[in-house]
Each structure stands twice: as structure tokens, then as C-alpha cells.
Amino acid sequence: MDQTANAPDCIAAELAADLDAGFAALFAAYQNVLFSTALRICGRWADAEDLTAAAFLRAFRALSGYDRERIASLRIRPWLLTILLNASRNQVRTAARRPREMLDAELPELEARGASAEAQAERHETSRELAALLGRLPDRQRAAVVLRYVADLPIAEVASVLGCPPGTAKSHVSRGLRRLRELQSDRVFGDDRVLQTEGENPR
């Protein structure tokens, strides 16, 4: 259960008091989660950078037209992610003629101090596999899983961002996770079959 679900949004209060200073604080607080979410939604590093920038630009333009009372009442995280998903839909429409590619990308994170090369390589490989698997989910399920487990939104906020009832959002998450497990199992067993076939090479 999200213990901060009903807590005042400090960033919103800063924005209401001073839009420019508050937006700098908003950017610093949410740039990583927006980029991480964008990367898992669209699968391409360059597209994720463009999508993140577009989302922040749209957010600033929207805020410039809001009065202080409306700004102060915003739940910033789901509001930003709603803007991001809307920008993503527009991006997909304008880039529909291009083939979709999954790059070897991982969530931006600080490397653990003293982490071994082996541990870093394993984390990178895991992230690559996750990116590839997420790319095979239906758009709605992928968005729900990413919002829940990358953006760390509670189900109620996932539903708000997706524009659906909480039960539907929960179903999207559940089905997405189930499909990810199926895809992961297929990949593991598929690799085993390849290894077995390579080992059975009669001379």
C-alpha cells in the first residue's frame, strides 16, 4: 500500500509558489523516472530521450496555463506520466512507418561502488533481456507493467494514467506479468533445446 497516496505534493506546492524554480525542482525529481518509463515503453534510447524531453516541454506549457490553485492540487507523478504516455502515442503515430527495434538499453542507474565487473555484466544482461521481453507485450500491458514496476505507481495511479478503472489496470498488470513469465520460460527452454541440439552432433 502506498503510504504517500494522500500526502501533500511538495513539488506541486513549489510550482504554485514559483513556476520557474518549482519546475527546476520537478525536473530534478522526475527526470530519471520519466526516462526509465519512456525507455521501457518505446524500447529505443534515442526515442526515450526525445519522449522525455517532449513530456517535460508539454508539462511546462500546461503549467503555464494553470492557476495556482490547480497547480497546487496536482498529483505530479501520475500527471507527468499521463503526459508521457500521450506523447508516446503521438510519437508512435508519427513514426509508424519505421520498424520497431529494441536496443541493448538498461534503466539509468548509478553503478554500485565496488561492484565487480561480473556483477555489472550480469545486471546489464538482465536489463537487456527485460527490454526485449517488454517489447513483445501488447502496448496496454507493457504500459501497465512499466507504470507499476518501473515508475512504482500504485494500482490506483496506474489506472488514472491509463484512463481505466483500477480493476482493469490490475488486470493489465497481471496479464502482462503472466505473459512476461511465459516469454521468459519460452526463451529459457528454447536456449536449452538449442544447446541440446548442438550437443547432439553425431559424426
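At least one side-chain heavy atom of Trp79 sits less than 4.5 Å from a side-chain heavy atom of Leu63. Residues Ile71 and Arg68 are not in side-chain contact: their nearest non-hydrogen atoms beyond the backbone lie 4.5 Å or more apart. A heavy-atom distance below 4.5 Å is not found between the side chains of Tyr30 and Leu81. No side-chain heavy atom of Val33 sits less than 4.5 Å from a side-chain heavy atom of Leu80. In this structure, the side chains of Tyr149 and Val173 come closer than 4.5 Å at one or more pairs of heavy atoms.
Within a 6.0 Å radius of CZ in Arg175, no more than 12 heavy atoms belonging to other residues, nucleotides or ligands are found.
Residue Ile11 holds its CD1 atom at 7.0 Å from CG of Asp9, rounded to the nearest 0.5 Å. A distance of 12.0 Å separates CZ in Arg40 from CG in Leu137, rounded to the nearest 0.5 Å. How far CG of Leu180 is from OG of Ser185: 10.5 Å, rounded to the nearest 0.5 Å. Taking CG of Leu51 as the start and CZ of Phe56 as the end, the distance is 11.0 Å to the nearest 0.5 Å. Atom CG of Asp139 is separated from atom NE2 of His172 by 11.0 Å, given to the nearest 0.5 angstrom. Interatomic distance, Arg70 CZ to Asp67 CG, rounded to the nearest 0.5 Å: 8.0 Å.
A distance-only check finds no donor-acceptor pair linking the side chain of Arg136 to the backbone of Arg179 [under 3.5 Å]. In this structure, Ser36 contributes its side chain and Asn32 its backbone to a donor-acceptor pair below 3.5 Å. For the pair Arg148 (side chain) and Ala169 (backbone), a donor-acceptor distance under 3.5 Å is absent. Looking at Ser88, its side chain never comes within 3.5 Å of a backbone N or O of Leu84 through a donor-acceptor pair. Checked by atom type and distance alone, the side chain of Asp47 never pairs as donor or acceptor with a backbone atom of Cys42 at under 3.5 Å. The closest donor-acceptor contact from the side chain of Thr52 to the backbone of Ala48 lies under 3.5 Å.
A continuous path of hydrophobic side-chain contacts links Phe27 to Leu15 [ILVMFWY only; heavy atoms under 4.5 Å].
Summarising the geometry of Arg77 relative to Pro154, their closest heavy-atom pair is NH2-CD, 3.7 Å, with the distance given to 0.1 Å. The shortest heavy-atom contact between Ile41 and Ala143 is CD1-CA, 3.5 Å. The minimum heavy-atom distance between Ser160 and Thr82, with the atom names listed, is O-OG1, 4.3 Å.
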* Arg140 and Cys164: side chain to side chain contact (heavy atoms under 4.5 Å, CB included), yes or no, with the steps? -> CA-CA 11 Å; Arg140 204 72 166 170; Cys164 65; 4.1 Å; yes
